[in-house]
Q: 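The structure's right below; bear with me while I get my questions together.
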Amino acid sequence: MSHKRIQNQLSAYLDDQLSPENRARIEAHLNTCDECVEMLSDFRRNRQCFGALKHEAPPIADLVLPQLSDRGPVRRRLLPSAEEFRRWFFRPVTGGTFAVVSACLLFALVYLNLTPTSDDSLDLYLSEHTRYSVYSTRSEDANDSIDLNGAQSTTNVEEDTDFLLEVFLGE
Amino acid sequence: MPLNTQVADALTKEQEKDLVIRCQDGDKRAMEALILHYQHWVYNIAYGMLGNREDASDMAQEVFLWLWENIGQFKFRSRFSTWLYRIVTNRCINLKDQKKRRQTDPTEIDDSQPWVPIDTETPEKSVLRLEQQEILQKALGELKDDYRKILVLREMQDLSYEELAEVIGCSVGRVKSKLHEARKVLRELVLQFS
């Protein structure tokens, strides 16, 4: 392990957060590197100073308790506040998920052509119109010789359209 | 051992949860127990973040008063202590920002009262320690808020890496690297002020 990598692990070493193998490697390095020994020793000294900063708190409870309002705390809410929602929405996970889903939808709409085209709509309209017209014709003329069942099962959209035109033109 | 530390040690996780629920229902006695439990920690975090006893005391009071009004917002998704640490550190950072905007010196060192060291020591050692603490306070005043926060929580409050990750809102790996960066920058500043 390089000197730089060892140095980057000195903090974790100080906090006893390393595996026994890594710890042994660092201890071996410390036997030969004065710079790292000095750094570790400074970290230790600063930690001790921090520890000494801790001291007795003033009687906070005595100061706070008389000021507590009788109204009591705000009850637990079932729904999040606008601020909570805003914070939730703008979290990296939520925002990221939203962005990815939006990008996928956009991709699907633009490149996979999922929206019905105008031609598809026209075909659908014509076929539905044809079926409707055929049924209308049958109800008007019960003796009509057209085999509707056969027409439904065998004719395609183009034939239906031709038939519709024939009916429309009275031929 | 100080009284508030004894109270803190005596409180289990379940008792803490029970106290929080009772507080949410408006029980002042439960709030009193919570304050006794956390006052020492909250005050010392505020002190580490603000570097001034008076500000730290005001901040601790403000936090507990806010807590009483807003404890209903706590939804038990994390440990109560984690939530509280986050509130204290964020409010301290906000206060420092406000002070900066008002063009006052946020790194002011409080030397109006003598330090009360936890263990007894000789006068020479005590003077040396005071000097070191002054240097540390100066260096802390120059640190970025993020670094100061992680150092105060780790070195003063002895939070584990997992707890730090929860309070700061990042991964344990990031805590490890951030803590190392913070210690390195602090070391450089301390050497500079020595």
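So that the names make sense, note that chain A is the first sequence line, chain B the second, and so on, each numbered from 1. Note that this is a predicted model, so its numbers are computed, not measured.
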Q: Run the salt-bridge test on A/D15 and B/K176 with the 4.0 Å N-O cut-off and return the result as yes or no.
A: no

Q: Can you tell me how far the SG atom of A/C49 sits from the CD atom of B/E134, to the nearest 0.5 Å?
A: 11.5 Å

Q: Please check if any side-chain donor atom of B/Y43 sits under 3.5 Å from a side-chain acceptor atom of A/H55, or the reverse.
A: yes

Q: With chain A as the partner, which of B/E181, B/E62, B/E32, B/Q157 has the greatest number of non-hydrogen pairs under 4.5 Å?
A: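 Counting heavy-atom pairs under 4.5 Å, the top option is B/E32.
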
Q: Are A/F89 and A/V100 connected into the same hydrophobic cluster when the rule is that any two of I, L, V, M, F, W, Y join if their side-chain heavy atoms are below 4.5 Å apart?
A: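 Not linked; separate clusters.
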
Q: Would A/V101 and A/L109 show up in the same hydrophobic cluster when neighbours are defined by side-chain heavy atoms closer than 4.5 Å?
A: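 No, because A/V101 and A/L109 fall into different hydrophobic clusters, even though each may have its own neighbours under 4.5 Å.
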
Q: Would you find a donor on one side and an acceptor on the other, under 3.5 Å apart, between the side chain of B/R187 and the backbone of A/F43?
A: no

Q: Identify which part of B/L191 has an atom lying under 4.5 Å from any heavy atom of chain A, answering side chain, backbone, both or neither.
A: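 The answer is the side chain of B/L191.
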
Q: Tell me, yes or no, whether the heavy-atom count around B/F193 atom CZ, taken from other residues, nucleotides or ligands under 6.0 Å, exceeds 12.
A: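 Above 12, so yes.
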
Q: Going from CD on A/Q17 to OG on B/S160, what distance comes out if it is rounded to the nearest 0.5 angstrom?
A: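 Interatomic distance, A/Q17 CD to B/S160 OG, rounded to 0.5 Å: 8.0 Å.
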
Q: Less than 4.5 Å apart, any side-chain heavy atom of A/Y13 and any of B/H180?
A: no

Q: Would you kindly confirm whether A/V93 and B/I168 end up in one hydrophobic cluster when ILVMFWY residues are joined by side chain heavy atoms under 4.5 Å apart?
A: no

Q: side-chain contact (heavy atoms from CB on, under 4.5 Å) between A/L68 and B/L65: does it pass, once the steps are laid out?
A: CA-CA 6 Å; A/L68 293 184; B/L65 286 172; 4.0 Å; yes

Q: Tell me, for B/L179 versus chain A, whether the close heavy atoms (under 4.5 Å) come from the side chain, the backbone, both or neither.
A: both

Q: Pick from B/A139, B/S177, B/S57: which one has the most heavy-atom pairs with chain A under 4.5 Å?
A: B/S57

Q: How long is the straight-line distance from CZ of B/R154 back to OG of A/S11, given to the nearest 0.5 Å?
A: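 Reported value, rounded in 0.5 Å steps: 8.5 Å.
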
Q: So does A/R45 have more than 12 non-hydrogen atoms from other groups sitting under 6.0 Å from CZ?
A: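 Above 12, so yes.
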
Q: Taking the side chain as everything from C-beta on, heavy atoms only, tell me whether B/R183 gets closer than 4.5 Å to A/M39.
A: no

Q: So, taking the atom named CD in B/Q39 and the one named CG in A/D62, what distance separates them when rounded to the nearest 0.5 Å?
A: 8.0 Å

Q: Shorter than 4.5 Å, heavy atoms on both sides: which option in A/V64, A/N8, A/L65, A/L14 has the most such pairs with chain B?
A: A/N8

Q: Please round to the nearest 0.5 Å and tell me the distance separating atom CD of B/E155 and atom CZ of A/R47.
A: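 Interatomic distance, B/E155 CD to A/R47 CZ, rounded to 0.5 Å: 5.0 Å.
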
Q: I'd like to know if A/F98 and A/L105 are part of one continuous hydrophobic network [Ile/Leu/Val/Met/Phe/Trp/Tyr, side-chain heavy atoms within less than 4.5 Å].
A: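 Different hydrophobic clusters.
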
Q: I'd like to know whether B/D158 forms a side-chain contact (heavy atoms from CB on, under 4.5 Å) with A/F50, so could you lay out the CA-CA distance, the side-chain angles of the two residues, the decisive distance to 0.1 Å, and finally the verdict.
A: CA-CA 10 Å; B/D158 210 24; A/F50 259 114; over 6 Å; no

Q: Heavy-atom distance under 4.5 Å to chain B: side chain of A/P59, backbone, both or neither?
A: backbone

Q: Should A/N46 and B/L151 be marked as a side-chain contact (heavy atoms from CB on, under 4.5 Å) after you check the CA-CA gap, both sets of side-chain angles, and the distance that decides it?
A: CA-CA 10 Å; A/N46 288 341; B/L151 283 171; over 6 Å; no

Q: Between B/L84 and A/L63, is there a shared hydrophobic cluster once you connect ILVMFWY residues whose side-chain heavy atoms come closer than 4.5 Å?
A: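 No.
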
Q: If you take all heavy atoms of A/A61 and B/L36, which pair is closest and at what distance?
A: CB-CD2, 4.0 Å

Q: Mind checking whether A/L53 and B/L136 have side chains closer than 4.5 Å, heavy atoms only?
A: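 A side-chain contact exists here, since the closest heavy-atom pair is under 4.5 Å.
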
